Amino acid sequence: MAEQQVILSGMRPTGRLQLGNLLGALENWVRLQEDWRCFFCVVDWHALTTEYENPHDLVENTYQMVTDWLAAGLDPQKSVIFRQSDVLEHAELHLLLSMITPLSWLERCPTYKDQIEQLREKNLATYGFLGYPLLQAADILIYRAHAVPVGEDQAPHIEMTREVARRFNFLYKPVFPEPATILNQVKLLPGIDGRKMSKSYGNTIEMSDEPEEVRRKVRMMITDPGRIRKDDPGNPDVCTVYSFHGVFNSSESLRVADACRRGEVGCVQCKAELAEKLVRFLAPVYERRKRIAGDRDYLREILAEGAVRAKRTALETMEVVREAMHLKL
Ligand code: TRP
Ligand code: SF4
């Protein structure tokens, strides 16, 4: 049998994940773990590149995020679930790759200038932040991954990873496959106020919201502002509730739009229908979360076991890398 293809992806530990993370990334990961050898990494060092002044929540955020991963259906029997800082070889490979990576590749990376602009309140003129995409390349290459599932915003980082791999393979010897990008399908979910869903706007629906909380948030969603009475004709295209019907109730969404345009369904009823769809969609996630029940020992065990498995592969790669770079006595 041909050697199994390897997938790696990672997320910064930002705490509780949102519905959008479940649809965008996690559903994809859960599917991939059936057919590929998957590594999923909590990239806590990457979090430090922007949160170095405020690292207090890193561990708590890690537990919460791993809980969400498991609740989404990632299976530690199938996938290697681990934390970046538990596998020190990532740092060694980052250092060695830094020797061969032209500064200009990092400086021209679109996320670099963007983030510095967007996060003006933080001082990101640091060495660590400039090196962010190279650390990411090390995360990927150390498992000799063939493909990386990510959102569109990360595509330039995977492109740079391929360039670094190519340069290494050319300078020393062919060690690294050039990893492909697997783009997460995006189903654009607005926040409950119709703006972009974002923690800073306080308009999110979280994966861990209980059914009652989901119902409450759906009741608060912004609908067609032109609609005053429940039999006024509405315009679903400007309605947040309707965007959610499109994703979570897609088989019925044409009927919903039609009834709205004719003024045959009131927003209260329309929201109640959506809320039940959402609650049903999240039911398996609640179930798995309940079984984990915040058990820290269990989470620690999964991460410890994951670190052992990740390290085994990482060390194998580093043996080859050290040899290729003439570091072996
Ligand atoms: N930069 C990625 C993000 O912000 C996180 C990340 C770090 C990552 N290392 C990775 C993603 C390796 C994929 C593979 O989403
Ligand atoms: Fe939105 Fe539904 Fe109200 Fe129409 S009926 S405006 S789709 S909530």
Side-chain angles (χ1 to χ4, degrees), residues 6-14 17 21 24-26 28-29 32 38-51 65 82-85 87 90 93-94 109 111-112 114-115 129 131-143 145 147-161 179-184 190 192 194 218-246 249 252-275 277 310:
V6 175
I7 290 258
L8 177 128
S9 197
M11 271 187 212
R12 279 169 291 165
T14 49
L17 298 178
N21 300 113
L26 289 174
N28 212 3
W29 292 11
L32 290 165
C38 288
F39 294 86
F40 296 117
C41 183
V42 179
V43 290
D44 50 351
W45 286 336
H46 276 106
L48 276 179
T49 63
T50 55
E51 301 304 317
M65 191 169 79
F82 71 106
R83 196 168 65 138
Q84 187 183 37
S85 64
V87 184
H90 289 226
L93 185 58
H94 178 211
C109 189
T111 48
Y112 180 61
D114 276 11
Q115 291 276 86
F129 188 69
Y132 183 114
L134 192 61
L135 179 57
Q136 182 165 353
D139 297 339
I140 297 165
L141 296 178
I142 204 163
Y143 301 100
V148 186
V150 283
E152 184 126 48
D153 62 313
Q154 294 295 309
H157 292 175
I158 315 305
E159 177 65 37
M160 202 199 83
T161 302
T181 307
I182 301 178
L183 279 189
N184 296 330
I192 60 172
V218 172
R219 282 197 297 272
M220 285 166 53
M221 280 183 183
I222 305 288
T223 61
D224 172 3
R227 214 170 179 220
I228 316 280
R229 295 177 345 164
K230 76 171 192 211
D231 50 1
D232 287 343
N235 178 5
D237 299 331
V238 299
C239 173
T240 313
V241 180
Y242 186 66
S243 327
F244 277 77
H245 273 289
N249 190 20
E252 301 280 315
S253 67
L254 282 178
R255 177 185 58 73
V256 170
D258 207 44
C260 171
R261 288 205 179 88
R262 292 167 194 266
E264 285 169 359
V265 60
C267 294
V268 172
Q269 188 195 331
C270 186
K271 286 176 166 179
E273 192 180 325
L274 170 67
K277 290 284 172 185

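Starting from 1, each residue takes its place in the sequence as its number. Whatever order the structure lists ligands and atoms in, that order sets their numbers, starting from 1. Please read these numbers as outputs of a predicted model, since none were measured by experiment.
Ranking protein heavy atoms by distance to atom 1 (N) of ligand 1, first place goes to Tyr132 OH, 2.7 Å. Scanning all protein heavy atoms for the shortest distance to atom 9 (N) of ligand 1 gives Asp139 OD2, 2.7 Å. Atom 2 (C) of ligand 1 has as its closest protein heavy atom Gln154 OE1, 3.2 Å. Among protein heavy atoms, atom 8 (C) of ligand 1 sits closest to Gln136 NE2, 3.4 Å. Closest to atom 13 (C) of ligand 1, if we only count protein heavy atoms, is Gly10 N, 3.5 Å.
Taking the six-membered ring where the residue is Trp, His157 and Tyr132 present tilted rings, their angle falling between 30° and 60°.
A distance of 10.0 Å separates CD in Gln84 from NE2 in His94, rounded to the nearest 0.5 Å. If you take CD on Glu252 and CG on Asp258, they are separated by 12.0 Å, rounding to the nearest 0.5 Å. Expressed to the nearest 0.5 Å, how far CG of Leu134 lies from CE of Met160 amounts to 5.0 Å.
No donor-acceptor pair closer than 3.5 Å links the side chain of Tyr242 to the backbone N or O of Asn235. Although no hydrogens or angles enter the test, the distance criterion places no donor-acceptor pair under 3.5 Å between the side chain of Thr181 and the main chain of Ala155.
Shown in contact with Arg12 at under 4.0 Å from a heavy atom are these atoms of ligand 1, numbered in order with element: 4 (O). Below 4.0 Å from some heavy atom of Ser9 lie the following atoms of ligand 1, by number and element: 13 (C), 14 (C). Here is the list of ligand 1 atoms found below 4.0 Å of a heavy atom in Val148: 13 (C), 14 (C). Taking a cut-off of under 4.0 Å to the non-hydrogen atoms of Ile140, the atoms of ligand 1 that pass are 12 (C), 14 (C).
Residues Asp232 and Arg229 are in side-chain contact: their nearest non-hydrogen atoms beyond the backbone lie under 4.5 Å apart. Within the 4.5 Å cutoff, side-chain heavy atoms of Ile140 are placed close to those of Ile158.
With Val218 as the fixed residue, the side-chain contact (heavy atoms from CB on, under 4.5 Å) test singles out one of Thr240, Leu274, Ile192: Leu274.
Across Cys270 and Val256, no two heavy atoms sit closer than the pair SG-CG1, 3.8 Å.
Summarising the contacts of atom 14 (C) of ligand 1 with Val150, Thr111, Leu8, the nearest heavy atom is found in Leu8.
With respect to Asp224 and Arg261, no salt bridge is recorded, no charged nitrogen being found less than 4.0 Å from a carboxylate O.
Of all protein N, O or S atoms, those under 2.8 Å from atom 1 (Fe) of ligand 2 number 1.
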